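Following: one structure in structure tokens, then a few remarks.
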Amino acid sequence: MEREFIFLYHFPSHDVLTFLCYRKQIKGITLKIAGNNHLVPVQRVTDEDLQVLAFVLHSSIFVTGLDLRYNVLTDVGAKHMATLLQENSTLRYLNLMFNDIGTSGAELIAKALHRNEALVYLRMTGNKIGNQGGMYFALMLQINSTLEKLDLGDCDLGTQCLIAIATALTQNKSVKAINLNRPLLYSQEEETTVHVASMLKNNSSLVELHLCKHEIKRFGVERLCEALYENCSLRYLDLSCNRITRDDVKFLGELLKRNQTLEILDLNSNRIEDDGAIYLSEALALHNRTLQALSVVSNNISGKGLVALSQAMKTNMELSYIYIWGNKLDDATCMAFSELIQTGRLKPDCTDVEPYEVDGHVYLAELSHGLKKHYYWTPSYGEVMNKAANASLAVGAVSEYL
């Protein structure tokens, strides 16, 4: 079904009501009422505004997406949204990221999803629902069989709810992508990673998993890799901003030699250094032919490791996206990646560096490309058209709303 995007950044509530009534003949509309538009003055959506909007949409058959990111919705607004989710049977996409919804609001929304059979993608990103709020969503995952993607990143999740969510996903067959970034963990035992690894051994439907800022170290990496030898569904693994070192990457290197499903690997902001980059390059050059995107941004890698990765791309034609900025880009690195780009092996939109020359010396400049370029923001003027500059969309999207 063809979708239409309607931007309602600063419409008063009564005007939205009138506007929607005139568009009943159109199906597949996504209403974008984001509160972070820098191009025009924005009237942020309040709980009272949402009450009016929910009343309009409760029997709607033409609005399938609702983007309310960066507004000022609280638990009161969450109550109106929960009512909408119980009554509406066509809303498939709901974005509530970075509002002010807390634990009680999370409970209302999660309980509404017990019976909702329409919503496919929910973003709660940045709402401080806490450990108890996460527990409500863990319970929901045991009951709901429709939701395909759930984003609980930056929600202050705790150890207890992470374990509960991992346990629920052991049996859940509908969720294809989940974001559990930046929980609040106070233990160094990596017990949450162990439970996630156990889940991966039994889950055959999860395609995308985000574990950014989970304090993952050697033990956790080893457990995840052991699980992924048995897992045949995961295509996108995000391990960015953890504590993965050069020795820990050996496990990932061995995994890549045997794994036939992983397509995107995000190691951004770890510390794999030259040795870790070489472990990865050996696996990619000689064995792996499924990985399409790799991010090693800010990993303390120097020329030796970066050149090894560039050489791997010459023999591995499947690896199409690579991101290296934030490392030590010496002359050898600049020449190697300049050659890859000039020969057409590496497309300019598929990396985060661009070569330029000064006084006969080749240097690399940074480009604003990456695996999650549009995670926190999207262009105000329309859809993200250049998916190559945002590789996770180009390679690993699991639904039409990703």
Side-chain angles (χ1 to χ4, degrees), residues 102-117 119-125 127-217 219-239 242 255 261-262 398:
T103 301
S104 60
E107 179 182 11
L108 294 167
I109 292 173
K111 287 184 176 179
L113 292 176
H114 288 189
R115 291 184 292 175
N116 182 286
E117 297 181 353
L119 197 70
V120 174
Y121 182 11
L122 172 63
R123 292 196 70 176
M124 292 293 294
T125 323
N127 291 285
K128 308 308 178 185
I129 65 175
N131 184 73
Q132 187 58 48
M135 291 296 292
Y136 294 126
F137 279 100
L139 177 60
M140 177 273 294
L141 290 173
Q142 298 178 35
I143 301 170
N144 183 287
S145 60
T146 307
L147 197 66
E148 292 184 5
K149 178 159 184 177
L150 175 62
D151 191 337
L152 296 176
D154 301 298
C155 286
D156 291 354
L157 303 181
T159 299
Q160 184 183 12
C161 74
L162 285 176
I163 292 174
I165 290 170
T167 303
L169 290 176
T170 302
Q171 301 297 325
N172 185 291
K173 303 301 180 185
S174 61
V175 173
K176 294 182 174 64
I178 190 161
N179 188 322
L180 302 172
N181 287 350
R182 212 225 67 185
L184 299 182
L185 304 178
Y186 300 101
S187 170
Q188 297 296 318
E189 300 298 322
E190 300 187 78
E191 57 263 50
T192 57
T193 307
V194 171
H195 281 83
V196 170
S198 178
M199 174 272 293
L200 288 173
K201 290 182 179 180
N202 298 284
N203 185 294
S204 59
S205 56
L206 195 66
V207 173
E208 178 178 337
L209 174 62
H210 295 268
L211 299 175
C212 174
K213 299 183 181 177
H214 273 242
E215 300 287 329
I216 297 174
K217 300 181 285 293
F219 181 76
V221 172
E222 187 175 6
R223 299 288 82 75
L224 288 172
C225 289
E226 287 176 355
L228 290 175
Y229 284 124
E230 302 179 31
N231 182 286
C232 297
S233 64
L234 197 71
R235 301 203 314 259
Y236 184 176
L237 178 61
D238 177 6
L239 297 177
N242 281 291
L255 173 68
T261 54
L262 202 60
V398 299

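As the structure is a computational prediction, the values presented were derived from the model and not from experiment. Computation of the quantities below employed the complete heavy-atom set of this structure, encompassing side-chain atoms and omitting hydrogens, waters and symmetry-equivalent molecules.
The closest side-chain donor-acceptor pair between Asp151 and Thr125 falls under 3.5 angstrom.
Side-chain contact between Ser145 and Lys173 is absent, with no heavy atoms from C-beta onward closer than 4.5 Å. When side chains are defined from C-beta on, Thr193 does not count as touching Glu215, because their heavy atoms never get closer than 4.5 Å. Taking 4.5 Å as the limit, some side-chain heavy atom of Ile165 sits within range of a side-chain heavy atom of Leu169. With a 4.5 Å cut-off on side-chain heavy atoms, Phe219 and Val194 count as touching. Proximity of Leu224 to Val196: side-chain heavy atoms (C-beta onward) are separated by under 4.5 Å at one or more points. With contacts defined as side-chain heavy-atom distances shorter than 4.5 Å, the pair Glu191/Thr159 qualifies. Considering only heavy atoms from C-beta on, Leu162 stays 4.5 Å or farther from Asn131 through its side chain. At a threshold of 4.5 Å between non-hydrogen side-chain atoms, the residues Ile109 and Met124 count as touching.
A distance-only check finds a donor-acceptor pair linking the side chain of Ser233 to the backbone of Leu206 [under 3.5 Å]. The main-chain N or O of Tyr136 is never found under 3.5 Å from a side-chain atom of Glu107 such that the two would form a donor-acceptor pair. Although no hydrogens or angles enter the test, the distance criterion places a donor-acceptor pair under 3.5 Å between the side chain of Asn242 and the main chain of Leu211. Lys128 contributes a side-chain N or O that, together with a main-chain N or O of Asp154, makes up a donor-acceptor pair within less than 3.5 Å. Checking side-chain atoms of Asn127 against main-chain N and O of Ile129 turns up no donor-acceptor pair under 3.5 Å. Under a 3.5 Å cut-off, the side chain of Asn231 and the backbone N or O of Leu200 do form a donor-acceptor pair.
How far CG of Leu239 is from CD1 of Ile216: 5.0 Å, rounded to the nearest 0.5 Å. Distance check: Leu234 CG to Ser205 OG gives 10.5 Å after rounding to the nearest 0.5 Å. For the atom pair Glu148 CD and Leu122 CG, the distance stands at 13.0 Å (nearest 0.5 Å). From Glu208, atom CD reaches atom CZ of Arg235 across 8.5 Å, with rounding to the nearest 0.5 Å. To the nearest 0.5 angstrom, Lys201 atom NZ is 12.5 Å from Met199 atom CE. Remark: Glu222 CD to Leu255 CG distance equals 12.0 Å, nearest 0.5 Å.
Pairing each heavy atom of Ala110 with each of His114, the nearest pair is O-CD2, 3.1 Å. Across all non-hydrogen atoms, the minimal contact from Asn203 to Asn172 is ND2-O, 3.6 Å. The heavy-atom pair separating Met135 from Ala164 by the smallest distance is SD-CB, 3.7 Å. Considering every non-hydrogen atom in both Thr103 and Gly133, the closest pair reads CG2-N, 3.8 Å. The minimum heavy-atom distance between Ala197 and Ala227, with the atom names listed, is O-CB, 3.1 Å. Residues Ala168 and Ala138 share a closest heavy-atom pair of CB-O, 3.6 Å.
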(message) One pair to check against side chain to side chain contact (heavy atoms under 4.5 Å, CB included): Lys213 and Asn181. What are the steps and the verdict?
(response) CA-CA 6 Å; Lys213 299 183 181 177; Asn181 287 350; over 6 Å; no
(request) Determine, step by step, whether Thr146 and Leu119 satisfy the side chain to side chain contact (heavy atoms under 4.5 Å, CB included) criterion, reporting the C-alpha distance in whole Å, the side-chain angles of both residues, the deciding distance to 0.1 Å, and the verdict. (result) CA-CA 7 Å; Thr146 307; Leu119 197 70; over 6 Å; no
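Under the salt bridge (Lys or Arg N to Asp or Glu O under 4.0 Å) criterion, Glu226 pairs with Arg223, sequence neighbours left out.
Atom CD of Glu117 has 12 or fewer heavy atoms from other residues, nucleotides or ligands within 6.0 Å. No more than 12 heavy-atom neighbours from other residues, nucleotides or ligands sit within 6.0 angstrom of CD on Gln160.
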